[in-house]
Novice: 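Got a structure for you, written out below as structure tokens; questions coming shortly.
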Amino acid sequence: MQKVRPALLRGFDQEYLPHEQLQFNALIGLVRANFERYGFLPIETPSAERKEILTSKGGVEKEIYALARLAAGEDEDEASTKGALRFDLTVPLARYVAMRERELAFPFRRYQIQRVWRGETPQASKGRFREFYQCDIDIINRERLSILAEAEIPSVIHSVFGEMAIGAFRIRINNRKVLKALLQKFEVPQANSAAVLRVLDKVDREPAARILEDLRREGVPRAAALHQLMTTRRSTGETLDALKGLGLDPGAVEELAQVAAAIRKFGVPEAAFGIDLAVVRGLDYYTGTIYETTLESYPELGSICSGGRYDDLASYFTDTRLPGVGISIGLTRLFSKLKEAGLLREPARTPAEALVVTMDGRYLERYLDMARALRGAGINTEVYLEQAKLKNQLAYADRKGFRVALIAGEDEFARNMVQVKNLLSKTARDHPLEEVVAAVKETLYGA
RNA sequence: GUGACCGUAGCUCAAGGGUAGAGUCCCGGAUUGUGAUUCCGGUUGUUGUGGGUUCGAGUCCCAUCGGUCACCCCA
């Protein structure tokens, strides 16, 4: 028979072996636990939304996947003609909040961990895929939003990456209003400001000569001075002083200063965050504080978490003014990069810790009883269900990383005993059947 | 979408125009009940696909598909 070649679609290629999936799930669990620790509430939204919702921000339509049934006919239904896959979690959130405004408690703090899809050219080396997970938190309020919300976000980030134990990281903050004032100060032509911001965004990735050339092409008269200001690393206080010294809009600088001060109050250590004027963020809906987070030892990984403040989340859907602040962790990219850099702990290869070897079919019930007793005591246990030699069952246990094997056959059962084997130390001891739970616990967790 | 490079076993790679190979992985075995290593044996392929040149093509030429990387943009 002609076989269909088992293969994946380019960009839709992030599937893992079971032990990697366990590792990935652990990462999601860690993120979720930290989000909930700060009181964020979970929501999920459908994978597909109406096209006009997704394009409401006037977005990049070529990146959006539209829905279509493979066998589309005359009876084409509404969902498959009007729908498209979400490309982020922020637009669905805006739609969600606009729809359910009366049912939600504000300030609304939600987290959402789901897949999104983008029709861009994938590049695995850059952790860039067509299907990937985002982990978002947002705080949204009606009419106004405390500056404390902007300061709390880095605190959550700090908790998440602190617990991940992936080395020193730096939460870099900036403020859109400050950037705007800077552009004015440096006499950037209004029409070119978006292009200039894109250039400035690359300031720490590209050589100075190229940046300067690009800036001049965009009509920036004092390109060198601007470049120098962006690239000089200063303490938070020094940066604020430098900005004040330039005579920028004091309101903008003051806002940045207040956020920085509040971040400190949230207990985020000075070493873990700082003002970085080169943080720009391409997305134009940010209006205040913006964030990017990078690993100190692996800056080439790029930002592993980014976001910012926006003045009106759902202006396309409702007249209610809904200011908010949020960030997104690109978990698929982060996972692939951490794996590549060897920063992830070696994962368990099985969620179970004990394997009940079935040596002799006559004792099936005893094996099952044993497993039930262990599970009842909270020990994840698997029973080997196939007929196989003891040797092969132990090889299986080894490959899957069980820590304990329970071995019993005619000899043991005749004496009402079971052999409890520690697969790591390769030692074994017989125990009375009724003490099997205690014996396994001791083997797993010590006396 | 634009440009450059690359397609040989599940994976990593070899084969000067003359019969497609190695390592690894996987599977089985090494006398009846113990997972590393070792030893023995085994499956591996329309050489991405389709044409062309040639007595003969994995190798040369053309096309096509796929992949990788850079740019754009982003997580």
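Per chain, numbering begins at 1; letters A, B, ... match sequence-line order. None of these values were measured; they are calculated from a predicted model. Side chains included, hydrogens not; waters and symmetry mates left out as well; all remaining heavy atoms used.
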Novice: Atom CD1 of A/Ile329 to atom C1' of B/C74: distance rounded to whole Å?
Specialist: 16 Å
Novice: Can you tell me the distance, in whole Å, between the CH2 atom of A/Trp117 and the C1' atom of B/C74?
Specialist: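 These atoms are roughly 17 Å apart.
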Novice: Using a cut-off of strictly less than 4.0 Å, decide whether A/Arg10 has a side-chain nitrogen or oxygen near OP1 or OP2 of B/G67.
Specialist: yes
Novice: If you look at every strand shown and take non-hydrogen atoms under 4.0 Å, does A/Lys426 touch a base, only sugar-phosphate, or nothing?
Specialist: base
Novice: Would you mind checking if A/Asp138 and A/Arg110 are paired as a salt bridge, meaning a charged N to carboxylate O distance below 4.0 Å?
Specialist: yes
Novice: State the pairing partner of B/A70; accept Watson-Crick or G-U wobble contacts with both distances under 3.5 Å, and report none otherwise.
Specialist: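 Across any shown strand, B/A70 pairs with B/U2.
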Novice: Is A/Arg399 near enough to B/A36 that one of its side-chain N or O atoms lies under 4.0 angstrom from OP1 or OP2?
Specialist: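 No, A/Arg399 has no side-chain N/O under 4.0 Å of OP1/OP2 on B/A36.
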Novice: What nucleic acid atoms does A/Gly127 come within less than 4.0 Å of, heavy atoms only: base, sugar-phosphate, or nothing?
Specialist: base
Novice: Fit a plane to each ring of A/Phe40 and A/Tyr38, take the angle between them on a 0 to 90° scale, and name the class: parallel (under 30°), tilted (30 to 60°) or perpendicular (over 60°).
Specialist: tilted
Novice: Determine the contact category for A/Lys421: base if any of its heavy atoms lies under 4.0 Å from a base atom, sugar-phosphate if only primed atoms, P, OP1 or OP2 are that close, otherwise nothing.
Specialist: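 Base, at least one base atom sits under 4.0 Å.
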Novice: Contact class for A/Tyr396 (heavy atom, under 4.0 Å): base, sugar-phosphate, or nothing?
Specialist: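 Since no nucleic acid heavy atom lies under 4.0 Å of A/Tyr396, the category is nothing.
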Novice: Using atom P of each nucleotide, how far apart are B/G52 and B/G45 to the nearest Å?
Specialist: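 Taking atom P in both B/G52 and B/G45, they lie 26 Å apart.
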Novice: What contact category does A/Asp411 fall into here, base, sugar-phosphate, or nothing, at under 4.0 angstrom with non-hydrogen atoms?
Specialist: base
Novice: Under a 3.5 Å limit for both distances, which nucleotide forms a Watson-Crick or G-U wobble pair with B/G23, could you say?
Specialist: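 Per the H-bond distance test, B/C11.
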Novice: Which whole-number value in Å describes the distance from A/Tyr384 OH to B/G33 C1'?
Specialist: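 In whole Å, B/G33 C1' lies 15 Å from A/Tyr384 OH.
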Novice: Hey, is the side chain of A/Arg198 pairing donor to acceptor with the base of B/C74 inside 3.5 Å?
Specialist: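 Under the 3.5 Å cut-off, the side chain and the base do not form any donor-acceptor pair.
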Novice: Considering every strand shown, what is the Watson-Crick or G-U wobble mate of B/U31 when both distances are under 3.5 Å?
Specialist: none
Novice: Could you check how far NZ of A/Lys126 sits from C1' of B/C69, rounded to whole Å?
Specialist: 9 Å
Novice: Using the ring centroid of each side chain, check whether A/Phe273 and A/His158 are separated by less than 6.0 Å.
Specialist: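 A/Phe273 vs A/His158: aromatic centres not under 6.0 Å.
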Novice: Which part of the nucleic acid, if any, lies within reach of A/Glu412 when heavy atoms closer than 4.0 Å are counted: base, sugar-phosphate only, or nothing?
Specialist: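 If one applies the 4.0 Å heavy-atom cut-off, A/Glu412 turns out to touch a base.
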Novice: Expressed in whole Å, how much space separates the C1' atoms belonging to B/A9 and B/G21?
Specialist: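 Their C1' atoms lie roughly 10 Å apart.
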Novice: Can A/Asp201 and A/Arg198 be counted as an ion pair, charged N to O under 4.0 angstrom?
Specialist: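 A salt bridge is absent here (no side-chain N lies under 4.0 Å from a carboxylate O).
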Novice: Expressed as a whole number of Å, how far does the P atom of B/G35 sit from that of B/U31?
Specialist: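 Here B/G35 and B/U31 have their P atoms 12 Å from each other.
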Novice: May I ask which nucleotide in the shown strands pairs with B/U53, Watson-Crick or G-U wobble, both distances under 3.5 Å?
Specialist: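 Check on B/U53: unpaired, no WC or wobble geometry under 3.5 Å.
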Novice: Testing A/Arg172, A/Arg170, A/Arg233 one by one against A/Asp276 for a side-chain hydrogen bond (donor to acceptor under 3.5 Å, both in side chains), which residue passes?
Specialist: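 For A/Asp276, the side-chain hydrogen bond (donor to acceptor under 3.5 Å, both in side chains) check succeeds only for A/Arg172.
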Novice: With rounding to whole Å, what would you report as the distance between B/G28 and B/U43 at their C1' atoms?
Specialist: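 Approximately 11 Å lies between the C1' atom of B/G28 and that of B/U43.
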Novice: Quick one: is A/Lys389 getting a side-chain N or O under 4.0 Å of the B/G29 phosphate, OP1 or OP2?
Specialist: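 A/Lys389 to B/G29 OP1/OP2: side-chain N or O found under 4.0 Å.
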Novice: How is A/Ser303 classified with respect to the nucleic acid when contacts are heavy atoms under 4.0 Å: base, sugar-phosphate, or nothing?
Specialist: sugar-phosphate
Novice: Using atom C1' of each nucleotide, how far apart are B/G1 and B/C61 to the nearest Å?
Specialist: 29 Å
Novice: So that I know where these two stand, are A/Phe24 and A/Tyr16 an aromatic pair - ring centroids less than 6.0 Å apart?
Specialist: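 Aromatic pair counts; centres sit under 6.0 Å.
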Novice: So what does A/Lys202 hit on the nucleic acid, given a heavy-atom distance under 4.0 Å: a base, only sugar-phosphate, or nothing?
Specialist: sugar-phosphate
Novice: Between B/U46 and B/G58, how far apart are the P atoms? Round to whole Å, please.
Specialist: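 Here B/G58 and B/U46 have their P atoms 14 Å from each other.
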Novice: Which is true for A/Leu331 with a 4.0 Å heavy-atom rule: it touches a base, it touches only sugar-phosphate, or it touches nothing?
Specialist: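 Nothing, no nucleic acid heavy atom in range.
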Novice: Taking any heavy-atom pair under 4.0 Å as a contact, classify A/Gln393: base, sugar-phosphate, or nothing.
Specialist: nothing
Novice: Quick one: label A/Ala395 by what it contacts on the DNA or RNA (base, sugar-phosphate, nothing), any heavy atom closer than 4.0 Å.
Specialist: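 Here A/Ala395 touches the backbone only, sparing every base.
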Novice: Pick base, sugar-phosphate or nothing for A/Arg118, based on heavy-atom distances below 4.0 Å to the nucleic acid.
Specialist: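 Answer is base: heavy atoms of A/Arg118 come under 4.0 Å of a base.
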Novice: Return the 5'-most residue of the pair A/Cys305, A/Pro122 with respect to RNA chain B, ranking by each residue's nearest nucleotide.
Specialist: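 Whichever sits nearer the 5' end wins; that is A/Pro122.
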Novice: When the distance from CZ of A/Arg86 to P of B/C74 is rounded to whole Å, what number comes out?
Specialist: 20 Å
Novice: Can you tell me the distance, in whole Å, between the OH atom of A/Tyr291 and the C1' atom of B/A75?
Specialist: 17 Å
Novice: What about A/Gln123, does its side chain sit under 3.5 Å from the base of B/U68 through a donor-acceptor pair?
Specialist: no
Novice: Can you tell me the distance, in whole Å, between the CG atom of A/Leu8 and the P atom of B/C11?
Specialist: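 Atom-to-atom, A/Leu8 to B/C11, this comes out as 12 Å.
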Novice: So which of A/Asp411, A/Asp430, A/Val436 actually passes side-chain contact (heavy atoms from CB on, under 4.5 Å) with A/Met417?
Specialist: A/Asp430
Novice: Watson-Crick or G-U wobble partner for B/G45, using a 3.5 Å limit on both distances?
Specialist: none
Novice: Tell me the interatomic distance from A/Phe132, atom CZ, to B/C73, atom C1', rounded to whole angstroms.
Specialist: 11 Å
Novice: Name the one of A/Arg10, A/Arg130, A/Arg128 that satisfies salt bridge (charged side-chain N to carboxylate O under 4.0 Å, His left out) with A/Glu120?
Specialist: A/Arg128
Novice: Mind checking who B/G16 pairs with, Watson-Crick or G-U wobble, both distances under 3.5 Å?
Specialist: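 Answer to the pairing question: none, since B/G16 forms no Watson-Crick or G-U pair.
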Novice: Taking atom C1' in both B/G16 and B/G29, compute the distance separating them and give it to the nearest angstrom.
Specialist: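 After rounding to an integer number of Å, I get 41 Å for this pair.
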Novice: If I pick the P atom on B/C25 and the same atom on B/U37, what distance separates them, to the nearest angstrom?
Specialist: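 Approximately 8 Å lies between the P atom of B/U37 and that of B/C25.
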